[in-house]
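Take a look at the structure set out below.
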Amino acid sequence: MVTALADAVWWYDLRGVNAALVDDGGDLTLVDAGMPWHGNALIAGLADAGFELRDLDRILLTHFDFDHVGGLPAFDGIDVTVYVGERDAPLVTGERDPPLSNHKGAFQRLASSFLDAPDNPVVTLADGDTVGSFTAYETPGHTPGHVSYVSERHSLALLGDMVSEDGGRFEPSPWLLSYDTDEAARSVAAFSERAPAVEIAVPGHGVPFQRGGSERLGRLAATL
Ligand SMILES: [Zn+2]
């Protein structure tokens, strides 16, 4: 099931984690790919929004984590390009293992045994790179290669796990789930400062905001 957040923006509530679908001027874009068992739900959501599987053009990933890349193999054999921040890319492709030297990395190492790398091409994004109407902003902390995306065309920010929503407010990424909470806090502040203001803001977990997204993030930034 998907829920429309705007004319061309849909929210996947995958029970515990979010993904989003955007009709980006004819380029159908999935943002994040759920857990390994979410492939069918992701494909069903395309139909709910009025599309077919072959309509999908690209997948933007906010970061490498079990609950955001797990469903990628469901799109093997379909002509899509996967985009991810450059520091998380080698983990998505399986070229590198998550580092055991960091508590979050060690957790990722355990979880990665349940993950398959996608067959589709993986393109790396640096800060400021654009894909269609989306601009990538490096927002490290939760993971080293975490990126958030902004599309002014859709007045939309996809925040991944830089923040989550809880009780109608944004919360920062907690220590247990973060590589570096200080860096994560700095990312919230820097992103708030430099990203254009948008209405719709979709976090990786919790309920998206359809109005005042940037303002709400700014409120959190002011407390960090
Ligand atoms: Zn997550």
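Only heavy atoms go into these numbers, but all of them, side chains included; no hydrogens, no water, no symmetry mates. Whatever order the structure lists them in is the order used to number ligands and atoms, beginning at 1.
The name of the N, O or S atom in Asp67 nearest to the Zn ion (ligand 1) is OD2.
Under 2.8 Å from the Zn ion (ligand 1) lies an N/O/S atom of His205, whether from backbone or side chain.
There is a side-chain donor-acceptor pair under 3.5 Å between Thr29 and Arg58. For the residue pair Ser173/Asp161, the side-chain donor-acceptor check at 3.5 Å is not satisfied.
Note on ring orientation: taking the six-membered ring where Trp is involved, the planes of Phe51 and Trp10 are perpendicular (angle over 60°, cut-offs 30° and 60°).
The two residues Phe170 and Gly213 make their nearest non-hydrogen contact at CE1-O, 3.9 Å.
Here the Zn ion (ligand 1) is the vertex; the OD2 atom in Asp161 and the NE2 atom in His68 give an angle of 90° (to 10°).
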